[in-house]
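For reference, positions follow the sequence shown, starting with 1. From a predicted model like this one, the values you see are computed outputs, not experimental measurements. We count ligands from 1, going down the list as the structure has it; atoms in each ligand are counted the same way.
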Amino acid sequence: MIFGATGDLAKRKLFPSLYRLFDKDKLGDFAVIGVARRSLTNEEFKASVAKSVHSEADVNGKKDEFVSKFYYHSHDVTDSDSYSSLNTLAEELDSRYNLNGNRVFYLAMAPEFFGTIAEHLKTDGLTDTHGFKRLVIEKPFGHDLESAKKLNSQIRTAFTEDEIYRIDHYLGKEMVQNIEVIRFANAIFEPLWNSRFISNIQITSSETLGVEERGRYYEKSGALRDMVQNHMLQMVSLLAMEPPINLTTDEVRSEKVRVFRALRPIKGNEVNDFFVRGQYGKGVITENEVPGYREEDMVDQESNTETFVAGKLLIDNFRWAGVPFYIRTGKRMEVKTTKIVVEFKDIPMDLYNRQEGSVRPNLLVIHIQPEEGITLYLNAKKAGQDMNSTPVKLSYANKGIDGLNTPEAYEKLIYDCLRGDATNFTHWDEVALSWSFVDNISEVWENEKEQNFPNYESGSMGPKASDALLEKDGFFWWPVTNLDVEKC
Ligand SMILES: NC(=O)C1=CN([C@@H]2O[C@H](COP(=O)(O)OP(=O)(O)OC[C@H]3O[C@@H](n4cnc5c(N)ncnc54)[C@H](OP(=O)(O)O)[C@@H]3O)[C@@H](O)[C@H]2O)C=CC1
Ligand SMILES: O=C1O[C@H](COP(=O)(O)O)[C@@H](O)[C@H](O)[C@H]1O
């Protein structure tokens with residue numbers, strides 16, 4: 001059952017992902033009930049599903065069969081009366097499609113409805129099924145720790161922790177999943193993966209898009225809640241975790257949780273030493289003039305909301321003591337990219353570059369998106385008479401399973417949920433710990449209006465203070481466009 005089946009997420013991500021799974025014969029017996037308020041016939045709903053998978057390839061001629069398995073139930077989720085007719089439809093489809101009572105409830109709706117829906121699913125008998133029941137819940141999971149706790153206790157009345165699949169779509173990205181493999185399947189990295197050999201780790205997730213039509217949501221969220229609390233901290237946890245004893249959901253998640261527990265809280269007066277906030281002003285992106293954040297729809301003209309965050313995180317454990325993890329994320333930046341740069345410490349003595357004085361550290365770059373791959377920057381002999389070194393790179397470009405593109409994050413996550421594998425979903429303990437880290441920062445920022453907003457031009461890499469954050473530690477942000485990394 002998809003709650004919010006006429007919405008943007010369902011049309012752009014969920015239906016196409018389901019179709020790709022169906023086309024690859026990965027769905028088995030299934031039917032989908034779309035739930036939303038507007039009045040639609042089954043046929044109208046099927047037509048909208050067909051439209052959203054229109055651009056997908058149909059080499060196996062299976063689109064019509066796929067669409068035929070969709071049904072619509074017009075229902076206001078705040079209206080207690082219509083859950084029982086939803087249950088009747090679910091039971092009918094269960095026997096028609098041999099579903100063995102297995103039910104996945106996907107909440108693709110505004111978060112204020114999550115708790116109400118979960119409670120009704122239980123009280124109106126939809127979770128009384130003889131098969132499995134699973135709840136997939138979209139972000140944001142609360143607004144702060146307190147609201148997240150409240151939401152969690154509402155959904156826990158109807159579902160156990162192992163039946164709850166909290167989506168963080170970054171965990172479905174191929175190269176985010178690759179972080180563990182790069183670390184734990186290569187003898188050359190794991191021995192070096194600690195404070196003795198790594199000087200710092202930089203994670204950038206920059207976007208060229210602005211806030212688009214989401215001003216109302218974003219005004220209350222900002223980049224800290226929208227990106228840092230979830231995607232950025234999840235990437236930190238994968239980079240910093242200890243090797244799990246095996247790859248089961250519990251073991252992987254408990255190692256990630258230990259990272260969150262070791263994350264040094266940044267509070268009060270420290271916040272502005274460790275974190276930088278920014279808000280975009282007008283500027284030029286791919287030759288087009290774009291407005292500043294305060295000129296966007298549904299945004300206050302005096303808004304104090306940050307559209308950019310850079311921060312320095314410290315993980316107080318044996319492995320990472322003293323190694324800064326720098327993160328930055330923002331909207332309307334120069335380039336759309338997500339990259340991780342692991343900078344290794346310098347060798348004790350540089351025999352080759354003494355005259356030039358240009359020591360180039362080894363770097364491991366994990367390209368998360370749009371290109372997917374890994375680049376390892378090494379030093380090799382510069383051709384010619386002299387014994388000088390020059391940076392060289394070893395690159396691997398991930399071509400995906402069919403050589404063209406990797407499966408969309410949602411496709412992988414939906415498939416994991418159907419298989420009952422929650423490894424790439426966030427456990428409540430991770431959510432709670434990451435909210436408590438972020439709450440300390442938002443508390444300071446909400447009480448202190450930033451006088452310099454807007455403080456970065458659209459099309460730039462954020463405010464100057466973000467560069468200064470690294471400069472005071474003797475580092476700089478490694479450039480994140482391919483071309484620039486090559487130039488360094
Ligand atoms: N869109 C995206 O790319 C992403 C979205 N998300 C999250 O996914 C969720 C959905 O987002 P999105 O699809 O963009 O939202 P939309 O506003 O596009 O869709 C909302 C859906 O909820 C339905 N709805 C609203 N009120 C009710 C109600 N009282 N009863 C029943 N149905 C209702 C709407 O249909 P109707 O009006 O017919 O009732 C519609 O189907 C949100 O939590 C969002 O944060 C997360 C990541 C990305
Ligand atoms: O969750 C979110 O992520 C997107 C960025 O996702 P990406 O896969 O394109 O990197 C961001 O635009 C959005 O504000 C946020 O809610």
Side-chain angles (χ1 to χ4, degrees), residues 1-17 33-40 44-45 48-49 52 72-83 86 105-117 120 136-143 151 166-176 203-235 293 296 298 305-309 329-333 335-339 367-370 372 406 408-410 412-413 426:
M1 277 172 223
I2 299 180
F3 290 82
T6 55
D8 176 70
L9 183 73
K11 289 183 192 158
R12 276 193 317 108
K13 300 285 183 190
L14 307 187
F15 301 152
S17 298
I33 304 179
V35 178
R37 276 172 313 185
R38 71 198 65 177
S39 149
L40 290 181
E44 285 167 331
F45 180 56
S48 96
V49 175
S52 70
Y72 187 71
H73 182 76
S74 165
H75 162 92
D76 185 329
V77 296
T78 58
D79 171 8
S80 310
D81 292 343
S82 68
Y83 284 89
L86 178 59
F105 305 95
Y106 197 123
L107 309 192
M109 291 192 46
E112 66 254 35
F113 297 115
F114 295 165
T116 311
I117 301 172
H120 273 297
V136 185
I137 192 155
E138 268 297 340
K139 64 167 283 208
F141 197 90
H143 180 73
L151 169 59
R166 297 179 193 82
I167 288 247
D168 181 315
H169 77 280
Y170 267 56
L171 296 182
K173 290 186 192 281
E174 186 67 20
M175 289 306 295
V176 172
I203 308 172
T204 299
S205 191
S206 57
E207 297 184 73
T208 48
L209 288 180
V211 72
E212 311 293 295
E213 293 87 36
R214 296 168 74 212
R216 189 198 303 268
Y217 152 78
Y218 202 84
E219 273 287 88
K220 293 207 210 96
S221 156
L224 188 67
R225 292 187 172 97
D226 189 47
M227 291 292 291
V228 175
Q229 182 270 335
N230 36 64
H231 313 318
M232 302 303 282
L233 289 182
Q234 282 295 323
M235 288 190 279
Y293 177 68
E296 303 275 20
M298 316 296 290
T305 300
E306 77 289 348
T307 60
F308 172 97
V309 174
T329 181
K331 293 201 180 283
R332 283 280 191 240
M333 292 175 66
V335 63
K336 166 75 182 168
T337 191
T338 303
K339 276 194 179 48
H367 308 266
I368 306 284
Q369 62 182 14
E372 298 182 345
T406 48
E408 151 81 46
Y410 274 94
K412 283 159 43 111
L413 294 174
T426 46

Exercise for the section: Pull out every atom of ligand 2 sitting under 4.0 Å from any heavy atom of Lys331, numbered as shown with elements. Expected result: 11 (C), 12 (O), 13 (C), 14 (O)

Handout entry: Numbering as shown, the atoms of ligand 2 that approach His231 to under 4.0 Å (heavy-atom distance)
Key = 1 (O), 2 (C), 3 (O)

Exercise for the section: Would you mind running through ligand 1 and noting each atom that sits below 4.0 Å from a heavy atom of Pro140? Expected result: 45 (O)

Fill in the blank from the handout: Tightest non-hydrogen contact, residues His169 and Tyr410, listed as CB-CE1, 3.9 Å

Fill in the blank from the handout: atom 7 (C) of ligand 1 has as its nearest protein heavy atom Lys139 O, 3.5 Å

Handout entry: Those atoms of ligand 1 less than 4.0 Å from some heavy atom in Arg12
Key = 1 (N), 2 (C), 3 (O)

Exercise for the section: Could you tell me which atoms of ligand 1, counted from 1 in the order shown, lie closer than 4.0 angstrom to a heavy atom of Ala5? Expected result: 41 (O)

Practice task
Could you tell me whether Glu174 and Lys412 have a side-chain N and a carboxylate O separated by less than 4.0 Å?
Solution key: yes

Handout entry: ligand 1 versus Ala108: contacting region, heavy-atom distance under 4.0 Å
Key = backbone

Practice task
Under 4.0 Å from a heavy atom of Lys173: give me the atoms of ligand 2 that qualify, with their elements.
Solution key: 7 (P), 8 (O)

Handout entry: Close N or O approach (Gly4, ligand 1; < 3.5 Å)
Key = yes

Completion exercise
Closest to atom 29 (N) of ligand 1 among protein heavy atoms sits Asp76 OD1, 3.0 Å

Exercise for the section: Going by heavy-atom distance to atom 43 (O) of ligand 1, choose the closest among Glu212, Glu138, Met109. Expected result: Met109

Problem - The one among Arg214, Glu212, Glu207, Lys336 that brings a heavy atom closest to atom 13 (C) of ligand 2 - result: Arg214

Handout entry: Minimum-distance protein heavy atom relative to atom 38 (O) of ligand 1
Key = Arg38 NE, 2.6 Å

Practice task
Indicate, as side chain, backbone, both or neither, the part of Phe113 found under 4.0 angstrom from ligand 1 when only non-hydrogen atoms are considered.
Solution key: side chain

Exercise for the section: Assign the ring pair Tyr83 / His120 to parallel, tilted or perpendicular, where the plane angle (0 to 90°) is split at 30° and 60°. Expected result: parallel

Problem - His75 contact mode with ligand 1 (heavy-atom cut-off under 4.0 Å) - result: backbone

Exercise for the section: Tell me which protein heavy atom sits closest to atom 14 (O) of ligand 1, plus the residue, atom name and distance to 0.1 Å. Expected result: Asp8 CB, 3.6 Å

Exercise for the section: Specify the protein heavy atom at minimum distance from atom 12 (P) of ligand 1: its residue, its atom name, and the distance to 0.1 Å. Expected result: Leu9 N, 3.9 Å

Practice task
May I ask you to identify, for Tyr170, whether its side chain, its backbone, both or neither come under 4.0 Å of ligand 2 on a heavy-atom basis?
Solution key: side chain

Problem - Whether Thr208 side chain and Lys336 backbone form a donor-acceptor pair below 3.5 Å - result: no

Completion exercise
Taking every heavy atom of Gly4 against every heavy atom of Ala10, the minimum-distance pair comes out as O-CB, 3.6 Å

Fill in the blank from the handout: The atoms of ligand 2 lying under 4.0 Å from a heavy atom of Asp226, numbered in the order shown, are 13 (C), 14 (O), 15 (C), 16 (O)

Handout entry: Within 6.0 Å of CD in Glu213, more than 12 heavy atoms from elsewhere
Key = no

Exercise for the section: Specify whether His231 and Tyr170 have parallel, tilted or perpendicular ring planes, treating 30° as the upper limit for parallel and 60° as the lower limit for perpendicular. Expected result: parallel

Fill in the blank from the handout: Smallest heavy-atom separation, Thr307 atom then Ala223 atom, equals C-CB, 3.8 Å

Practice task
Taking all heavy atoms of His75 and all of Val35, pick out the closest pair and write down the distance.
Solution key: CD2-CG1, 3.5 Å

Fill in the blank from the handout: heavy-atom search around atom 19 (O) of ligand 1 in the protein gives Gly7 CA, 3.3 Å

Handout entry: Per-atom contacts of ligand 2 with His169, taking only distances under 4.0 Å to non-hydrogen atoms
Key = 1 (O), 2 (C), 3 (O), 6 (O), 7 (P), 8 (O)

Fill in the blank from the handout: One should read off an interatomic distance between Thr6 OG1 and Lys11 NZ, to the nearest 0.5 angstrom, of 6.0 Å

Exercise for the section: Specify whether Tyr218 and Tyr293 have parallel, tilted or perpendicular ring planes, treating 30° as the upper limit for parallel and 60° as the lower limit for perpendicular. Expected result: perpendicular

Practice task
Taking atom 17 (O) of ligand 1 as the reference point, report whether a protein heavy atom occurs under 4.0 Å from it.
Solution key: no

Problem - Side chains of Val49 and Tyr72 in contact at under 4.5 Å (non-hydrogen atoms) - result: no

Handout entry: Atoms in ligand 1 with a heavy atom of Thr6 nearer than 4.0 Å
Key = 34 (C), 35 (O), 36 (P), 38 (O), 40 (C), 41 (O)

Problem - Atoms in ligand 2 flagged as close to Lys139, the criterion being non-hydrogen separation under 4.0 Å - result: 1 (O), 2 (C), 15 (C), 16 (O)

Problem - Minimum heavy-atom distance Lys331-Gly210, with the two atoms named - result: CD-O, 3.5 Å

Practice task
Could you check atom 30 (N) of ligand 1 against the protein and tell me its nearest heavy-atom contact, residue, atom and distance included?
Solution key: Val77 N, 3.0 Å

Fill in the blank from the handout: Between Gly34 and Ala5 the two heavy atoms that sit nearest each other are CA-CB, 3.3 Å

Handout entry: Lys220 NZ: over 12 foreign heavy atoms closer than 6.0 Å
Key = no

Fill in the blank from the handout: Near Pro111 (heavy-atom distance under 4.0 Å), the atoms of ligand 1 are 43 (O)

Handout entry: From Leu14 atom CG to Glu408 atom CD, the distance as rounded to the nearest 0.5 Å
Key = 9.5 Å

Exercise for the section: Please write down residue, atom name and distance for the protein heavy atom closest to atom 25 (C) of ligand 1. Expected result: Arg37 NH2, 3.6 Å

